[in-house]
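Notes to accompany the following structure.
Along the sequence shown, the residues carry numbers beginning at 1.
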Amino acid sequence: MNKDRRARIEAVKANLQDLQNEIEELSNEERDAFDNMPEGLQASERGQASEQAASNLEEAACTLAEVVDQLEAAGS
């Protein structure tokens, strides 16, 4: 792989890592919001949607981490 493509991969990795961090922050905020709900609200449809959103965001962040790992392997 040439220098230009390696540099482009590094730039993409940096962008994805920034997005991963932002998604993790959103996930943490949503998880905190759920945790701070009264138990009755947590069990409601709204609470369950909040918990599911936090889980989906966590999964998205993990998926981006896997993509970054694959790019790292490709750029080696």
Compare all side-chain heavy atoms of E30 with those of E51 and state whether any distance is below 4.5 angstrom. no
Starting at [atom1] of [X], measure out to [atom2] of [Y] and round the result to the nearest 0.5 Å.
{"X": "D35", "Y": "N28", "atom1": "CG", "atom2": "CG", "answer": "10.5 Å"}
{"X": "E72", "Y": "E10", "atom1": "CD", "atom2": "CD", "answer": "6.0 Å"}
{"X": "N36", "Y": "Q42", "atom1": "CG", "atom2": "CD", "answer": "9.0 Å"}

Counting only heavy atoms from other residues, nucleotides and ligands, does the tally under 6.0 Å from CD of E22 exceed 12? no
Whether over 12 other heavy atoms sit under 6.0 Å from E59 CD: no
Least distance between heavy atoms, [X] atom then [Y] atom:
{"X": "G75", "Y": "R6", "result": "O-NE, 3.3 Å"}
{"X": "L71", "Y": "I9", "result": "O-CG2, 3.6 Å"}
{"X": "A65", "Y": "Q20", "result": "CB-NE2, 3.5 Å"}
{"X": "A43", "Y": "Q48", "result": "CA-NE2, 3.8 Å"}

Could you check whether any side-chain N or O of S27 sits under 3.5 Å from a backbone N or O of I23, counting only pairs where one atom can act as donor and the other as acceptor? no
Can you list everything that forms a side chain to side chain donor-acceptor pair (under 3.5 Å) with N56? Sequence neighbours excluded, please. Q52
Could you please spell out the steps behind the side-chain contact (heavy atoms from CB on, under 4.5 Å) verdict for E58 and E24? CA-CA 6 Å; E58 288 170 9; E24 287 172 348; over 6 Å; no
Could you walk me through whether M1 and S76 satisfy the side-chain contact (heavy atoms from CB on, under 4.5 Å) test, starting with their C-alpha distance in whole Å, then the side-chain angles of each, then the deciding distance to 0.1 Å, before giving a yes or no? CA-CA 9 Å; M1 181 172 301; S76 304; over 6 Å; no
What residues, two or more places apart in sequence or in another chain, satisfy side-chain contact (heavy atoms from CB on, under 4.5 Å) together with D4? N2, R8
What I want to check is whether the side chains of E66 and Q70 have a donor and an acceptor closer together than 3.5 Å. no
Consider only side-chain heavy atoms of I, L, V, M, F, W and Y, link residues closer than 4.5 Å, and tell whether L64 and L26 are in one cluster. yes
